[in-house]
Amino acid sequence: MRRSLAGVALAVTSMVALSFLIPLAALVLSLVKEQGVNAAEQRAAALAPVLTLTTDPNALRESAASLDASDYLVVHLPGSGPLGTSKAPAALLERAQEGRESISREIPDGWICLQPVVLPGDQVAVIENFVPEAELTRGVKESWAVMLFLAVGLVGGSVLVADRLGAKVVRSSKRLAQASHALGRGDLDTRVDPMGPKELRDAGLAFNAMAHRMTELLAVERELVADLSHRLRTPLTALHLASERMAGTPESARVEAAVGELETELQAIIAAARTPLAVGPMGQGLLGAEPAAARPAAGAGAAAGPRCEAADVVRRRTSFWTVLAEQQNRSCTVDLTQEPTTVSLSDDDIAAVVDALIGNIFRHTAPGTPFGVQVVRTAQAVELVVEDGGPGIPDPDRALSRGSSTGSTGLGLDIAQRAASATGGSMRIARGPLGGARITVTFALAPSAPSGRRLRRPRTSSRRRPVWPRSR
C-alpha cells in the first residue's frame, strides 16, 4: 500500500509540475527575448535625435558607444559606409532606407533592429542595433534550473508525505489484522489502539466493541452452563437423602458412591464452565439489561415475555422439598400470599431460585434444622423470603460473590440475585427470627400488573406443622 500511495503521489505531482513548468519555461524565454528586443529598439530611438543635430562621424561614434558599449549600435549615413561593424542584411538595410520603414526581426545570429532617420535634404540615415543570441537568452537557463529544482523538491516532498501517511495507514491496518488473528486464535483480551485516518479509527473502535461484546456473550454462555449444571444439585440432594434411607441395605454403599462420584463430576463441570470467562455477573446484568426505571409502565403496551405466578411455582417446589424435610426431621413453615404475583420470569427461573435457596439449607445446615418459606405481595413487587435456624451467613457480601465460598461453587445465591436483577429487583441477606440466615429476594411485578392502588384480599397462611419421619 505504501508503494501504491507513493506511486500515485509521484504521478499526480509530476503531471501537475509539468503542466506548470513547461508553460512557465516558455514564458520566461519569451520575456527575456522581449526585454532584449525592447532594449535594442530603445537604444536606436535614443540615437535618432543626435542624427538630427549632427552627422559628424566622430560625434556619432561617441554617442553610440555611450548608449551601447558592445559596439552593436551602428549608424548608416547616406553616401558613406557604416560607422561600425554592420550585421544587417543588405536587403533589409535597403528596404529601411528606401521605404523609410522601421524593421525589427530575427536573423541567423540574433535579432536586428533598423530605425530610419530623415535628415535635412530629404536624405535617410539608418540606425542599426544588433542583439546577439546570447543576449536574447541571458539568464534563461538559470531560471529553468531553479524551476526544475523547485519542481523536483515539490514532487519529492509529496512522495515523502504520501509515504508517511501510507506508513501510518499500513501500520494501523496491520495492527487491526494482527488483533483479528489473535482474537481468532482465542486471545479474548486482545484490543487495538485506534489510530490512523478516521475510517480506520472507527474500525478499531468497532473491533474493540465487538471483542468486548464477544467476551461478554461467551461469559454469559459459560455462566449459563454453570447455572444449568447447578440445577442438577436439586435431584442430587434427593438422591443423597434416598441413599441415607437405604442405609444398611446391600445397595446403599454402591448408590452412595455413585452419588458422590456424580457430585464430584458436577462440581468439575461447574468449575470448568466458570473459570475461563468468569469476567463479571451473568445474564441480564452482564448484557446490559434495561434498568427497571426505563421499562414501560403498567398498561403502556409492554413487550411480551416470560411470565409466571411466583406464588404458584413456590408452592409446587416447596411441596417437593417438604418431602425431603420429612426425611431429615426438619420442620417447614410455608406462608404464601393469595394475591396475584405475576413476575417477568419463567416458571423454571423461579423454580431455580427456590431450589437454590432451599437446597443451600439442606447442604449447609444439620438435619433437623427448621426452615420457612414466605411469599409476600407489596404494591410494586413480590418478595420471596427463605429463612432457616442454622448458623447463618457470617459475611453476606462475600457470600454474594460468585465462587468465593470455600467448598462451594457459590452459584446458589448468585442465581437468586441475578433473577431478581433481571426484573429490576434485589436480594438482601440478614439474620431471621429462627436464628439463622434470612434471605429476601424481591421481584418487580410484571408490567401488565395494575400499578394503582387496589384492595388486597386477606392473606391466608398455610403453615405446616413439623413433619416427623414415619416408622419403617
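Heads up: numbering here begins at 1 and tracks the sequence. Keep in mind that the numbers below use all heavy atoms, side chains included, and drop hydrogens, waters and symmetry copies.
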K.L.:
Please check: side-chain N/O of Ser331 versus main-chain N/O of Pro370, any donor-acceptor pairing under 3.5 Å?
P.N.:
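Not at all, since once roles are kept as given, no pair shorter than 3.5 Å links the two residues.
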K.L.:
May I ask you to decide if Ala356's main-chain N or O and Asn360's side chain share a donor-acceptor pair within less than 3.5 Å?
P.N.:
yes
K.L.:
Any side-chain heavy atom of Thr440 sitting closer than 4.5 Å to one from Val385?
P.N.:
yes
K.L.:
What is the distance from atom CD of Gln328 to atom OG1 of Thr369, rounded to the nearest 0.5 Å?
P.N.:
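If I round to the nearest 0.5 Å, the distance is 8.5 Å.
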K.L.:
Could you check Val382 against Glu339 for side-chain contact (heavy atoms from CB on, under 4.5 Å), going step by step and ending with a plain yes or no?
P.N.:
CA-CA 10 Å; Val382 176; Glu339 294 185 78; over 6 Å; no
K.L.:
I would like to know whether Lys141 and Thr137 meet side-chain contact (heavy atoms from CB on, under 4.5 Å); could you show each step before the answer?
P.N.:
CA-CA 8 Å; Lys141 292 182 179 180; Thr137 59; over 6 Å; no
K.L.:
Measure the spacing between CG of Leu200 and CG of Leu205 and express it to the nearest 0.5 Å.
P.N.:
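Reported value, rounded in 0.5 Å steps: 11.0 Å.
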K.L.:
With respect to Leu357, which candidate in Asp355, Val353, Val354 satisfies the side chain to side chain contact (heavy atoms under 4.5 Å, CB included) definition?
P.N.:
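Exactly one candidate clears the test, Val353.
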K.L.:
Are more than 12 heavy atoms from other residues, nucleotides or ligands located less than 6.0 Å from atom CZ of Arg431?
P.N.:
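Yes.
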K.L.:
Donor-acceptor pair, Ser158 side chain versus Val155 backbone, under 3.5 Å?
P.N.:
yes
K.L.:
Looking at Ala26, is its backbone amide N or carbonyl O close enough to the side chain of Ser30 to form a donor-acceptor pair, meaning the two atoms are under 3.5 Å apart?
P.N.:
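Flag not set: sc Ser30 to bb Ala26 has no pair under 3.5 Å.
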K.L.:
Going from OG1 on Thr322 to CD on Gln327, what distance comes out if it is rounded to the nearest 0.5 angstrom?
P.N.:
10.5 Å
K.L.:
If every non-hydrogen atom of Arg191 is compared with every non-hydrogen atom of Thr215, which pair is closest and at what distance?
P.N.:
NH2-OG1, 4.0 Å
K.L.:
Measure from the side-chain N and O atoms of Thr13 to the backbone N and O of Leu10, and report whether any donor-acceptor pair falls under 3.5 Å.
P.N.:
no
K.L.:
Less than 4.5 Å apart, any side-chain heavy atom of Leu188 and any of Leu183?
P.N.:
yes
K.L.:
Can you see which heavy atom on Phe371 is nearest to which on Ala325, and at what distance?
P.N.:
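For Phe371 and Ala325, the tightest heavy-atom pair comes out as CE2-CB, 3.9 Å.
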K.L.:
For Ser180 and Phe207, which heavy atoms make the closest approach, and how far apart are they?
P.N.:
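Of all heavy-atom pairs spanning Ser180 and Phe207, the closest is OG-CE1, 3.6 Å.
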K.L.:
Rounded to the nearest 0.5 Å, what's the gap from CZ on Arg377 to CG on Leu445? Could you check?
P.N.:
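Taking CZ in Arg377 and CG in Leu445, the distance rounds to 4.5 Å.
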K.L.:
Indicate the atoms forming the closest heavy-atom contact of Val131 with Gly36, along with that distance.
P.N.:
CG2-O, 4.0 Å
K.L.:
Taking Thr423 for its side chain and Ala444 for its backbone only, find out whether a donor-acceptor pair lies under 3.5 Å.
P.N.:
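Yes; at least one donor-acceptor contact below 3.5 Å.
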K.L.:
Indicate yes or no: at least one non-hydrogen side-chain atom of Ser104 is less than 4.5 angstrom from one of Val37.
P.N.:
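Yes; the side chains approach each other to less than 4.5 Å.
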K.L.:
Taking Thr341 for the side chain and Ala311 for the main chain, is one N or O donor matched with an acceptor at less than 3.5 Å?
P.N.:
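Present.
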K.L.:
Walk me through whether Asp349 and Val343 qualify under side-chain contact (heavy atoms from CB on, under 4.5 Å).
P.N.:
CA-CA 11 Å; Asp349 293 332; Val343 296; over 6 Å; no
K.L.:
With the side chain counted from C-beta on, respond yes when Val28 and Met147 share a heavy-atom pair under 4.5 Å apart, and no when they do not.
P.N.:
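The answer is yes; the side chains approach within 4.5 Å.
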K.L.:
Would you check if the side chain of Ser19 reaches a backbone N or O of Val16 as a donor-acceptor pair within less than 3.5 Å?
P.N.:
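Yes, Ser19 side chain to Val16 backbone: donor-acceptor pair under 3.5 Å.
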K.L.:
Using the six-membered ring wherever Trp is involved, compare the ring planes of Phe362 and Trp321 and label them parallel, tilted or perpendicular (cut-offs 30° and 60°).
P.N.:
tilted
K.L.:
Taking the side chain as everything from C-beta on, heavy atoms only, tell me whether Leu324 gets closer than 4.5 Å to Arg330.
P.N.:
no
K.L.:
Scan residues 195-209 for pairs that pass side-chain hydrogen bond (donor to acceptor under 3.5 Å, both in side chains), counting only residues two or more places apart or in two chains.
P.N.:
Lys198-Asp202
K.L.:
Between OG1 of Thr378 and CD of Glu383, what distance do you get to the nearest 0.5 Å?
P.N.:
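Spacing of OG1 (Thr378) from CD (Glu383) equals 5.5 Å.
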K.L.:
Do the non-hydrogen side-chain atoms of Pro132 and Asp109 ever get within less than 4.5 Å of each other?
P.N.:
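No, too far: nothing below the 4.5 Å cut-off.
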K.L.:
May I have the step-by-step check of side-chain contact (heavy atoms from CB on, under 4.5 Å) for Arg317 and Val373, ending in yes or no?
P.N.:
CA-CA 11 Å; Arg317 295 313 301 161; Val373 179; over 6 Å; no
K.L.:
Counting C-beta onward and ignoring hydrogens, is there a side-chain heavy-atom pair between Arg105 and Ile112 closer than 4.5 Å?
P.N.:
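Counting from C-beta outward, Arg105 and Ile112 do come under 4.5 Å.
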K.L.:
So Glu309 and Arg315, do their side chains get closer than 4.5 Å, heavy atoms only?
P.N.:
no
K.L.:
Mind checking the CG-CD spacing from Leu136 to Glu106? Nearest 0.5 Å is all I need.
P.N.:
7.5 Å
K.L.:
Given Ile350, which partner from the list Leu345, Val441, Asp312 fulfils the side chain to side chain contact (heavy atoms under 4.5 Å, CB included) test?
P.N.:
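Checked Leu345, Val441, Asp312 against Ile350; only one passes side chain to side chain contact (heavy atoms under 4.5 Å, CB included): Leu345.
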K.L.:
What's the shortest heavy-atom distance between Gly372 and Leu434, and which atoms?
P.N.:
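Nearest pair, atom of Gly372 first, then Leu434: N-CD1, 4.2 Å.
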K.L.:
Can you see which heavy atom on Pro194 is nearest to which on Gly204, and at what distance?
P.N.:
CG-C, 4.3 Å
